[in-house]
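Here the structure comes first, spelled out in structure tokens, and everything after it is commentary.
All values below come from the heavy atoms of this structure, side chains included, with hydrogens, waters and symmetry mates left out. The chains referred to below are lettered A, B, ... by the order of the sequence lines, with proteins before strands, and numbering in each begins at 1.
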Amino acid sequence: MPELPEIEVLRRSLEPLVVGTSIDSIRVWNGDLREPVDRRQLGRCRGRKILGARRRAKYLLLDLERGRTLVVHLGMSGRLTLVPATAEREAHEHIGLYLSSAQRLRFRDTRRFGLVFALPTAELVDDRHFSHLGLEPLDEGLTGVVLQRLAKGRRAPIKSFLMDGRLVVGVGNIYAAEALFRAGIHPARSAARISSSRWELLARSIRQTLADAIDQGGTTLNDFADALGESGYFKVSLSVYDRAGEPCRRCGRTIRRIVQSGRSTFYCPGCQR
DNA sequence: AAATGAACCTGTTTGC
DNA sequence: TGCAAACAGGTTCATT
């Protein structure tokens with residue numbers, strides 16, 4: 001479900017609800033995720049107050065008292081929602097964080113591509129999950145000039161470039177397609193063969209697309225929801241993603257679906273060159 | 001080094 | 001109707 005906008009929406013919805021509460025206890029019903037849950041390490045979060053909620057790439061970071069950070073990644077199908085502490089365990093609910101507010105932060109992930117772990121806050125930047133990550137697209141550092149420099153010598157398609165987390169983070173399959181549509185760039189075009197002016201346009205398009213999606217609560221295709229279970233509305237604004245066979249809203253040509261690196265790509269043959 | 005495909009999972013949709 | 005194949009928002013590893 002989740003690309004940068006969805007995680008950011010989750011972060012913003014969660015922050016006012018949990019900051020200031022303490023983690024009273026932690027229950028791991030099923031520690032079988034992308035990496036096995038380290039119950040011991042997670043247990044060290046117990047008794048600590050939640051000080052803030054940050055985001056890095058598609059990771060949600062809950063900063064705790066005394067220098068620890070709880071990290072959550074939703075993978076493809078993960079959800080993190082706040083429910084009453086007494087709520088029944090639901091199907092595929094892996095972990096419950098019982099808070100001092102008598103609520104439970106429920107992590108559930110059907111496909112188990114997600115992650116939950118904790119570590120000293122100071123070790124975050126050097127941790128293997130974070131140390132190789134690229135630019136945050138909403139930061140000032142993401143400019144056409146910088147992107148073009150990163151693309152030097154890369155002949156892979158621009159869509160693969162955008163989805164490579166070592167270069168730019170947070171842009172997944174939906175928003176790569178949408179940003180390229182907005183910039184009028186064909187997804188199969190080699191990254192090395194994009195002009196300076198189009199790199200500037202693309203940088204702005206990425207930022208605008210993500211910002212718009214955040215404003216509309218993210219994209220709910222099947223089951224994305226914020227901390228209170230609310231769906232996002234950006235789906236109705238999608239220009240190309242999952243619209244194969246339908247007419248382009250801008251030029252009327254039929255949206256196409258191709259496969260790149262094993263993932264579906266959607267684009268308009270009229271608007272994107 | 002860069003690029004591609006497969007793998008990790010379960011649930012839902014599609015097509016014969 | 002039933003069954004099997006295809007497909008799904010991500011990341012990482014192995015192989016060219």
Side-chain angles (χ1 to χ4, degrees), chain A residues 1-11 29-37 55-60 71-80 90-94 107-117 127-134 137 149-180 187-193 206 209-210 213-214 216-226 231-238 240-245 257-266:
Chain A
M1 15 168 89
E3 301 183 34
L4 184 151
E6 288 72 39
I7 306 305
E8 183 59 26
V9 166
L10 173 63
R11 188 196 71 73
W29 284 287
N30 179 354
D32 201 9
L33 296 174
R34 191 172 92 218
E35 294 168 13
V37 173
R55 179 192 56 75
R56 170 70 170 125
K58 298 168 187 165
Y59 293 88
L60 179 75
V71 181
V72 178
H73 193 289
L74 299 185
M76 288 277 240
S77 56
R79 284 175 69 129
L80 191 66
E90 74 176 357
H92 303 290
E93 181 171 0
H94 286 75
F107 176 85
R108 82 136 210 242
D109 182 6
T110 316
R111 289 177 72 183
R112 297 195 263 133
F113 292 161
L115 279 180
V116 178
F117 62 96
D127 183 80
R128 64 192 167 83
H129 299 93
F130 301 96
S131 58
H132 66 286
L133 292 179
R149 183 162 334 132
L150 286 175
K152 214 157 191 187
R154 293 191 179 261
R155 283 186 279 175
I158 181 62
K159 195 225 184 191
S160 307
F161 174 95
L162 292 182
M163 290 180 65
D164 187 337
R166 295 166 303 181
L167 307 170
V168 180
V169 301
V171 181
N173 211 32
I174 294 177
Y175 298 109
E178 293 297 310
L180 286 168
R189 175 174 287 271
S190 160
R193 291 188 54 257
I206 293 167
T209 303
L210 298 176
I214 291 169
Q216 292 173 60
T219 300
T220 298
L221 292 180
N222 291 311
D223 55 1
F224 167 72
D226 70 13
S231 298
Y233 293 94
F234 195 68
K235 186 177 180 186
V236 298
S237 301
L238 294 176
V240 289
Y241 184 83
D242 207 19
R243 296 196 64 235
R257 173 185 180 271
I258 57 174
V259 175
Q260 295 180 292
S261 302
R263 313 292 301 271
S264 289
T265 301
F266 302 89

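Residue-level contact check: A:Phe161 touches neither bases nor backbone, having no heavy atom under 4.0 Å from any strand. Nucleic acid contact class of A:Thr220 (heavy atoms, under 4.0 Å, all strands): base. Residue contacts for A:Arg257: at a heavy-atom cut-off of 4.0 Å it reaches the sugar-phosphate backbone alone, with no base atom in range.
A:Arg263 has a side-chain polar atom (N or O) that falls below the 4.0 Å cut-off from OP1 or OP2 of C:dG10. Regarding contacts with the backbone of C:dT11, a side-chain N or O of A:His73 is found under 4.0 angstrom from either OP1 or OP2. A sub-4.0 Å separation between OP1 or OP2 of B:dT10 and a side-chain N or O of A:Arg112 is present.
From A:Ser231, atom OG reaches atom CG of A:Asn222 across 10.5 Å, with rounding to the nearest 0.5 Å.
One N or O on the side chain of A:Glu178 and one on the backbone of A:Val240 form a donor-acceptor pair closer than 3.5 Å. Remark: side-chain polar atoms of A:Glu8 are not paired, donor with acceptor, to backbone N or O of A:Ile214 under 3.5 angstrom. A:Glu35 places no side-chain N or O within 3.5 Å of a backbone atom of A:Leu115 that could act as its donor or acceptor partner.
Taking the six-membered ring for Trp and thresholds of 30 and 60 degrees, A:Phe266 and A:Tyr241 have ring planes more than 60 degrees apart, a perpendicular arrangement. In this pair, A:Tyr59 and A:Phe130 present their aromatic rings tilted. The plane angle is within the 30 to 60° band.
The nucleotide whose nearest atom lies closest to any side-chain atom of A:His92 is, among B:dC9, B:dG11, C:dA8, B:dG11. Of the candidate nucleotides B:dA3, B:dT10, C:dT12, C:dT12 has the atom nearest to the side chain of A:His132. Across B:dA3, B:dT4, B:dT10, the shortest atom-to-atom separation from the side chain of A:Arg155 is found for B:dA3. Each of B:dC8, B:dA3, C:dG9 was ranked by its minimum atom distance to the side chain of A:Arg154; first place goes to B:dA3. Among the nucleotides B:dT10, B:dT4, C:dG10, the one closest to any side-chain atom of A:Thr110 is B:dT10. Among the nucleotides B:dG11, C:dT12, C:dA8, the one closest to the side chain of A:Tyr59 is C:dT12. With C:dG9, C:dG10, B:dC9 as the candidates, the nucleotide lying closest to the side chain of A:Leu221 is C:dG9. Minimum atom distance to the side chain of A:Lys58 is reached by C:dG10, of the listed C:dG10, B:dC9, C:dG9.
Taking atom CZ of residue A:Phe130 and atom C1' of nucleotide C:dT12, one finds them 15 Å apart after rounding to whole Å. Per the geometry, CZ belonging to A:Arg128 stands 14 Å off P belonging to C:dT11, to the nearest Å. Note: CG (A:Leu4) to P (C:dT11) measures 11 Å, nearest angstrom. Remark: P of B:dA7 and CE of A:Met76 are 16 Å apart, rounded to the nearest angstrom. Nucleotide B:dC9 holds its P atom 13 Å from the CD atom of A:Glu35, rounded to whole Å. A straight line from CZ of A:Phe266 to C1' of C:dC7 spans 10 Å, rounded to a whole angstrom. Summarising the geometry, the separation between CG on A:Leu210 and P on C:dG9 is reported as 16 Å, rounded to the nearest angstrom. The nearest whole Å value for the distance from the CG atom in A:Asp223 to the C1' atom in B:dT13 is 15 Å.
Here A:Phe113 lies parallel enough and close enough to stack on the base of B:dC8, with planes under 30° and ring centres under 5.5 Å apart. Once the 5.5 Å centre distance and the 30° plane angle are applied, the aromatic ring of A:Phe224 is found not to be stacked with the base of C:dG9.
Here the closest non-hydrogen pair linking A:Val171 and A:Ala176 is CG1-N, 3.5 Å.
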Legend entry - Intra- and interstrand pairs of DNA chain C - dot-bracket, Watson-Crick/G-U under 3.5 Å, | marks other strand: .|||||||.|||||||
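Comparing the P positions of B:dG11 and C:dT1 gives an interatomic distance of 23 Å, to the nearest angstrom. Rounded to whole Å, the separation between the P atoms of C:dA6 and B:dA6 comes to 13 Å. Nucleotides C:dT11 and B:dT12, compared at atom C1', are 22 Å apart to the nearest Å. For the P atoms, the distance linking B:dA7 with C:dA5 amounts to 16 Å, nearest Å.
Applying the side chain to side chain contact (heavy atoms under 4.5 Å, CB included) test between A:Leu74 and each of A:Val116, A:Ile7, A:Asp109, A:Leu60 identifies A:Ile7 as the sole match.
A salt bridge is defined here as a Lys NZ or Arg NE, NH1 or NH2 lying under 4.0 Å from an Asp or Glu carboxylate O, and A:Arg79 with A:Glu90 fails to meet this definition.
Along DNA chain B, the nucleotide closest to A:Arg34 and the one closest to A:Asn222 are compared, and the more 5′ of them pairs with A:Arg34.
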